[in-house]
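Lettering of chains follows the sequences in order, A, B, ..., and the numbering in each one begins at 1.
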Number of protein chains: 2
Amino acid sequence: MTTLASMNGIELTKVGTDEIEIPTHWYNIVADLPTPPAPGLHPGTGEPLQPQDLAPLFAMGLIEQEASTERWIEIPQPVRDVYALWRPSPLFRALRLEKALGTTAKIYYKYEGVSPVGSHKPNSSVPQAYYTKLAGRTRVTTETGAGQWGAALAFAAETFGLTCDVWQVRSSYESKPYRHAQMEVFGASVVASPSELTKVGRELRERFPDTSGSLGMAISEAVEEAAADPNASYSLGSVLNHVLLHQSVIGQEVLQQLAVFEEPQIDYLFACAGGGSNLGGIALPILRENLDGRQNVKIVACEPMAAPSLTQGEFRYDFGDTAGMTPMLKMYTLGKDFVPDPVHAGGLRYHGMAPLISHCYHEGLISAIAVGQLEAFEAGVLFARAEGIIPASESNHAIAGALRQARAATESGASPVIVIGVSGNGLLDLPAYTEYLSGNMSDG
Amino acid sequence: MTTLASMNGIELTKVGTDEIEIPTHWYNIVADLPTPPAPGLHPGTGEPLQPQDLAPLFAMGLIEQEASTERWIEIPQPVRDVYALWRPSPLFRALRLEKALGTTAKIYYKYEGVSPVGSHKPNSSVPQAYYTKLAGRTRVTTETGAGQWGAALAFAAETFGLTCDVWQVRSSYESKPYRHAQMEVFGASVVASPSELTKVGRELRERFPDTSGSLGMAISEAVEEAAADPNASYSLGSVLNHVLLHQSVIGQEVLQQLAVFEEPQIDYLFACAGGGSNLGGIALPILRENLDGRQNVKIVACEPMAAPSLTQGEFRYDFGDTAGMTPMLKMYTLGKDFVPDPVHAGGLRYHGMAPLISHCYHEGLISAIAVGQLEAFEAGVLFARAEGIIPASESNHAIAGALRQARAATESGASPVIVIGVSGNGLLDLPAYTEYLSGNMSDG
């Protein structure tokens with residue numbers, strides 16, 4: 001175990017809030033990519049999207065960000081003020097995990113579970129609510145899988161005085177009552193999707209009477225509702241460029257925090273990937289290090305076996321939702337009608353992958369692995385017992401990827417620096433842990 | 001709204017981890033009390049307790065702390081190393097809550113919900129596990145009500161390589177499956193109390209076949225089990241002097257953090273009180289300010305209507321448990337056979353009150369109010385919607401007390417400085433919030 005510089009007489013295992021700054025700007029990878037990503041296409045005309053095409057759904061501040069090629073976009077002060085409730089989030093050296101593994105690797109983890117709702121999602125819900133308010137709209141609609149995004153938007157909407165309607169994937173709605181309670185505490189209305197409230201929901205229920213729902217279906221419902229109400233904006237918790245942009249605060253902080261640890265080089269970065277917001281947030285500012293020649297980090301997207309869009313999907317234009325109401329995006333996709341098994345990592349159950357992540361993967365700038373549910377939870381329990389933090393089901397996939405690498409390093413006697421993005425805490429995933437510990441969890 | 005000094009360009013609303021130090025010593029109020037508290041008595045002889053009387057149950061390091069009259073006791077380095085996972089915990093200026101209330105008061109809150117298990121309890125479970133390990137014992141037993149203490153001890157036991165057996169009050173065991181899942185993730189064995197595993201448990205089940213259990217009963221079981229096993233220690237999450245000692249890190253940090261806020265005087269301090277560990281931890285280092293003449297803080301214990309030991313109990317010797325196996329303690333008590341209604345703030349459902357808190361209350365050094373469940377949850381929802389943090393059911397009692405004071409201040413045009421101890425987060429209490437929001441919660 002390496003001895004680190006001590007702080008307050010305590011071996012340095014955490015770099016927290018006051019030594020580093022909350023970023024003042026979001027980082028936009030588009031400015032630094034060697035080749036430009038393909039544009040989104042209008043679902044009706046098939047032509048490249050224009051800002052006005054998105055105007056019925058999104059506030060103009062967000063549309064500008066979606067299309068921006070500027071490297072740095074200033075974070076508005078009211079957004080930074082809310083970020084300050086939990087940002088900067090801590091970066092830990094996982095000394096106890098290293099000891100439990102007996103590994104020669106050095107492991108760090110960035111922990112987003114300290115946010116008000118327990119995940120990285122408010123990094124984008126807060127600016128989305130802010131720009132919606134700024135545009136004079138009074139309402140946001142959205143979909144949610146496991147509920148992290150819905151809770152994050154409910155919190156942000158409440159903060160800026162907007163009403164919030166959430167369509168939650170039916171399987172999660174029914175199996176996770178704590179999550180919709182959390183949204184309701186923040187004043188949101190939550191319904192199971194597909195619902196009777198929208199035309200598309202009614203059609204989906206007729207076509208698939210026993211469906212457990214999917215993110216694609218819930219997106220269709222929230223989009224239909226927002227498009228029909230001039231006072232409403234639609235909010236998406238992942239996939240789009242502006243969401244990944246907002247999440248870039250994570251990776252920027254990691255770089256600052258590793259500097260405090262006097263750790264100039266990362267060898268491996270593992271982050272879970274569903275729609276791509278968590279991966280993009282932590283990885284793209286670090287990918288810039290590679291593009292600029294300062295570092296040579298191997299970035300590994302950890303996706304679930306149940307929705308392996310990068311490792312088993314096709315790179316082509318597809319819709320973001322099931323009903324085909326959204327723009328067409330060039331992305332790795334399993335097809336818009338793909339309904340993943342209802343695994344516990346509901347936040348990763350998406351048929352596609354963010355176009356920016358898809359582009360980087362296609363260009364060979366990042367790599368990907370698929371992780372089964374059992375391996376993920378085995379890693380999560382080991383992590384919890386060593387570090388004291390119970391990770392979210394989604395985050396367990398990243399931890400599992402990191403453990404593979406740490407064990408390989410130990411075998412070869414190498415000492416790589418491994419960074420894990422722990423996207424949230426697992427307090428509302430505890431029944432999944434019970435299922436795993438009792439031996440009743442299926443692999444997925 | 002007062003304008004504060006800004007930090008990183010952000011209005012200062014939080015003082016977190018790196019500007020202040022994790023305390024190096026625990027603070028022992030006994031050294032500064034004008035009159036000494038009454039000693040504990042041996043349950044058999046009725047004579048004042050001697051250290052050897054406690055040796056079968058507790059490690060000697062803890063027994064010495066229980067009887068200590070030293071003002072400062074050094075925190076062992078391995079304990080501070082674990083504290084560093086989440087300490088210092090943040091102190092927030094509740095600007096959004098002040099705005100929501102339209103109050104002239106200035107409100108701060110100390111937030112212990114950032115710990116690995118989401119409450120203040122690990123402040124004592126970690127040193128208790130450490131000293132138990134140091135004494136060469138391999139196992140800890142304990143009771144838990146809502147589950148915060150059990151989860152905290154399970155985490156600490158895992159950290160120091162001890163096995164951990166938890167008796168959880170039956171009503172909580174049955175209504176809070178997430179909590180025992182949390183303990184099990186950390187490797188603990190959990191049973192509902194009263195159980196068939198102990199003699200006293202079997203007797204209680206025979207006498208009270210339909211009992212929902214109580215902390216007093218669960219203590220009896222955990223004590224019986226530890227006393228019969230020379231390798232085991234019993235751990236208590238509240239009441240005793242050494243527990244309040246460990247919790248003193250909270251109040252010490254508050255004083256450091258208010259200094260960063262350039263706030264030299266507190267007018268009111270509100271903290272929830274069940275057994276007294278949270279109240280003692282935040283209040284006793286601040287009471288020292290009063291005793292030394294530096295401040296004149298009104299300290300208000302907020303207890304639940306369902307277990308109002310300070311406001312409605314008697315100040316006399318009583319047992320800490322139902323079966324009468326523990327030492328007799330001079331405390332405010334509702335009687336050892338009192339079984340509180342199964343309200344949601346399970347952590348406050350105790351028949352007695354820590355002797356140190358009882359003594360201070362009897363001497364007029366602190367005051368107390370009782371808060372009903374509905375008022376508590378109304379306050380908790382208001383707090384969550386303003387501050388983004390969903391508080392624990394227990395913490396809601398303190399918030400309710402603070403809101404009473406803030407509203408009174410607004411009416412009189414005063415601007416007192418109010419500090420709230422928010423002892424934990426409410427993520428595992430979400431069903432109680434649902435019950436409240438749906439109008440189905442009874443007062444209690």
Side-chain angles (χ1 to χ4, degrees), chain A residues 7-22 24 77 80-86 88 90 92 95-96 114-118 122 155-156 158-159 177-182 184-187 380-381 384-390 425-428 430-434 437-438, chain B residues 7-22 24 77 80-86 88 90 92 95-96 114-118 122 155-156 158-159 177-182 184-187 380-381 384-390 425-428 430-434 437-438:
Chain A
M7 170 172 300
N8 303 342
I10 290 177
E11 192 170 26
L12 186 61
T13 54
K14 178 175 73 174
V15 172
T17 64
D18 305 314
E19 289 177 302
I20 67 158
E21 296 203 347
I22 298 174
T24 56
Q77 195 59 39
R80 291 185 84 220
D81 287 346
V82 183
Y83 277 175
L85 278 174
W86 74 96
F92 291 91
L95 287 174
R96 288 179 184 80
V114 296
S115 87
V117 296
F155 154 68
E158 174 66 28
T159 300
Y178 282 53
R179 266 299 175 204
H180 51 90
Q182 188 183 26
E184 287 155 3
V185 169
F186 291 122
V381 168
R385 290 186 178 173
E387 292 295 314
I389 287 167
I390 301 177
N425 74 54
L427 285 179
L428 299 191
L430 280 165
Y433 279 91
T434 298
L437 291 171
S438 62
Chain B
M7 170 172 304
N8 302 343
I10 290 176
E11 192 168 28
L12 185 61
T13 54
K14 178 174 73 172
V15 172
T17 65
D18 305 314
E19 291 177 300
I20 67 158
E21 297 204 347
I22 298 174
T24 56
Q77 195 60 39
R80 290 185 84 219
D81 286 345
V82 182
Y83 278 175
L85 279 175
W86 74 97
F92 291 92
L95 287 173
R96 290 180 182 79
V114 294
S115 87
V117 296
F155 154 68
E158 175 67 28
T159 300
Y178 281 53
R179 269 295 179 206
H180 51 91
Q182 189 183 25
E184 286 155 3
V185 169
F186 291 123
V381 169
R385 292 185 177 174
E387 293 294 316
I389 287 167
I390 301 179
N425 74 54
L427 285 179
L428 299 191
L430 280 165
Y433 280 90
T434 298
L437 291 169
S438 62

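By number of non-hydrogen pairs under 4.5 angstrom with chain B, the leading residue of A:Gln182, A:Arg179, A:Arg385, A:Glu387 is A:Arg385. Ranked by heavy-atom pairs under 4.5 Å with chain B, the first of A:Val82, A:Thr159, A:Val381 is A:Val82.
In this structure, CD1 on A:Ile390 lies 4.0 Å from CZ on B:Phe186, to the nearest 0.5 angstrom.
In terms of heavy atoms, A:Tyr433 sits closest to B:Val185 at CB-CG2, 3.6 Å. In plain terms, the two heavy atoms of B:Pro116 and A:Gly388 that are nearest each other are CB-O, 2.9 Å.
By the side-chain contact (heavy atoms from CB on, under 4.5 Å) test, B:Glu184 pairs with A:Leu437, B:His180, B:Val190, sequence neighbours left out. In terms of the side-chain contact (heavy atoms from CB on, under 4.5 Å) criterion, residue partners of B:Ala181 (sequence neighbours excluded) are, by chain and number, A:Leu430, A:Thr434.
Using a 4.5 Å cut-off between heavy atoms, A:Phe155 contacts chain B through its side chain alone, with no backbone atom that close. A:Val114 does not touch chain B: none of its heavy atoms, backbone or side chain, sits under 4.5 Å away.
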